[in-house]
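Worksheet for the structure shown next.
Atom set for the values below is all heavy atoms of this structure, side chains included, hydrogens, waters and symmetry mates excluded.
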Amino acid sequence: MPELPEVETVRSGLADHVLGRRITGVQVLRDRAVRRQAGGAEEMRALLTGRAFSAAVRRGKFCWLTLDGPGGVGEDYALLAHLGMSGQLLVADAASGAATNPHLRVRVEFADGPDLWFVDQRTFGYLTVADLVPTSDGGPGGDAGGSPVAPLLPAPVAHIARDLLDPVLAEPAARAALNRRVRAGRRGIKRALLDQELISGVGNIYADEALWRAKVHYARPTDRMRPATVATVLDAAEAVMRDALVAGGTSFDALYVNVNGASGYFDRSLAVYGQEGEPCPRCGALVVRETFMNRSSFFCPRCQRAPR
DNA sequence: CGAAAAACCTGCATGC
DNA sequence: TGCATGCAGGTTTTTC
């Protein structure tokens, strides 16, 4: 499932393959793939046609392509993508046979070269052309991976917090402030990790992996955790996502592929996620699966002791 | 107002 | 074989 490392892989691929290319057409094959667009697919087509992508930017699990103005200046809006559970952005030539792809939702055509495809089986993902608005969380900061700083955010992303690969959150003062915010709430630590308005980019897979690395149970109440323990969890979340990024992201059953269609292989490195009944790589105890927040939580019952 | 639950959606695996 | 059920789950919306 696309979480931060997968989306960053996609962003990087988009930066390499679609920037500077002029859009000549947009075909929406399923209307639901375009959301938060008052004028729907027709409005998206009108806003994109004739313009060119100028930068590929990401925050958390959201990725967007800013647009050059008609005269080559001005970046007042962007093509925003959220991949949901199964979304893919593929740079693919129409001749590559994916015309038969039953999950192709939107096709962006350029004056030159291969199309940009939005493919999504489970249809939780979407595209929209959104206005860029000033950030509300302290000015420019951008994101990791060498992408441009982001003094502006697409409106639907304005409430999304910075992610752990954001250079701003590498600063000790900012990290300490985040640590305090985590402990200010009264809830289980996993719930905090998954709160995109607190920290973005972490999904169910990396939350479980981070908590395993930090040896912390998912239900530990944040308001009773020591600052050093919270710091360990945040560092583990950052580390596991960086490791996954190096590997190209996690993938399952070929639902997720990067911008060129190559699957990541970090799933081979998962310690607990999806490993119910398998031995903990650290202590050998059998990994347990429990239902939490209407989804699965995997953990080692010996390394990660439940709160009393 | 904040937190928790429901809704959205499709394909695959499983059970009868 | 066919049908019903369960599961995957990020975000938005609704409910408490």
Write down the distance between [atom1] ([X]) and [atom2] ([N]), rounded to a whole number of angstrom.
{"X": "A/Arg295", "N": "C/dA8", "atom1": "CZ", "atom2": "P", "value": "10 Å"}
{"X": "A/Leu83", "N": "C/dT12", "atom1": "CG", "atom2": "P", "value": "14 Å"}
{"X": "A/Arg289", "N": "C/dA8", "atom1": "CZ", "atom2": "C1'", "value": "10 Å"}
{"X": "A/Arg30", "N": "B/dC8", "atom1": "CZ", "atom2": "C1'", "value": "13 Å"}
{"X": "A/Arg36", "N": "C/dT11", "atom1": "CZ", "atom2": "P", "value": "11 Å"}
{"X": "A/Glu197", "N": "C/dT13", "atom1": "CD", "atom2": "P", "value": "12 Å"}
{"X": "A/His103", "N": "B/dC9", "atom1": "NE2", "atom2": "C1'", "value": "12 Å"}
{"X": "A/Asn101", "N": "B/dG11", "atom1": "CG", "atom2": "P", "value": "11 Å"}

Item to complete: Answer yes if the side chains of A/Glu109 and A/Thr24 hold a donor-acceptor pair under 3.5 Å, and no otherwise.
Response: no
Fill in: Donor-acceptor side-chain pairing of A/Arg175 and A/Asn179 below 3.5 angstrom
no
Worksheet entry | Whether A/Arg21 side chain and A/Asp112 backbone form a donor-acceptor pair below 3.5 Å | yes
Item to complete: Return yes if some donor-acceptor pair links the side-chain N/O of A/Asp208 with the main-chain N/O of A/Phe298 below 3.5 Å, else return no.
Response: yes
Report yes if at least one side-chain N or O of [X] is closer than 4.0 Å to OP1 or OP2 of [N]; otherwise report no.
{"X": "A/Arg122", "N": "C/dA8", "value": "no"}
{"X": "A/Gln196", "N": "C/dG10", "value": "no"}
{"X": "A/Ser296", "N": "C/dA8", "value": "yes"}
{"X": "A/His159", "N": "C/dT11", "value": "no"}
{"X": "A/His82", "N": "C/dT11", "value": "yes"}

Discussion item. Closest approach to the side chain of A/Phe62, judged atom by atom: which nucleotide of B/dT10, C/dG10, C/dT12 is it?
Written reply: C/dT12
Worksheet item: Taking the inter-plane angle between the rings of A/Phe292 and A/Tyr218 on a 0 to 90° scale, is it parallel (under 30°), tilted (30 to 60°) or perpendicular (over 60°)?
Response: tilted
Discussion item. Against A/Arg105, only a single residue in A/Leu127, A/Asp31, A/Thr123, A/Val119 fulfils side-chain contact (heavy atoms from CB on, under 4.5 Å); can you say which?
Written reply: A/Thr123
Worksheet item: Is any side-chain heavy atom of A/Ile160 less than 4.5 Å from a side-chain heavy atom of A/Leu153?
Response: no
Worksheet item: For the helix from B/dG2-C/dC16 to B/dC16-C/dG2, what angle lies between the axis at the first five pairs and the axis at the last five pairs, to 10 degrees?
Response: 60°
Give every pair of a protein N or O atom and an N or O atom of nucleotides 3-6 of chain B that lie under 3.5 Å apart, one pair per line with the distance.
{"from": "B/dA4", "atom 1": "OP2", "to": "A/Arg191", "atom 2": "NE", "distance (Å)": "3.3"}

Discussion item. Looking at A/Asp243 and A/Arg213, is there a salt bridge between them, counting it only when a charged N and a carboxylate O are closer than 4.0 Å?
Written reply: yes
Fill in: Lys/Arg N to Asp/Glu carboxylate O, A/Arg30 vs A/Asp120, below 4.0 Å
no
Discussion item. Categorize A/Arg35 for me: base, sugar-phosphate, or nothing, with a 4.0 angstrom heavy-atom threshold over every strand shown.
Written reply: nothing
Item to complete: Might you confirm whether atom CZ of A/Arg186 has over 12 heavy atoms from other residues, nucleotides or ligands at distances under 6.0 Å?
Response: no
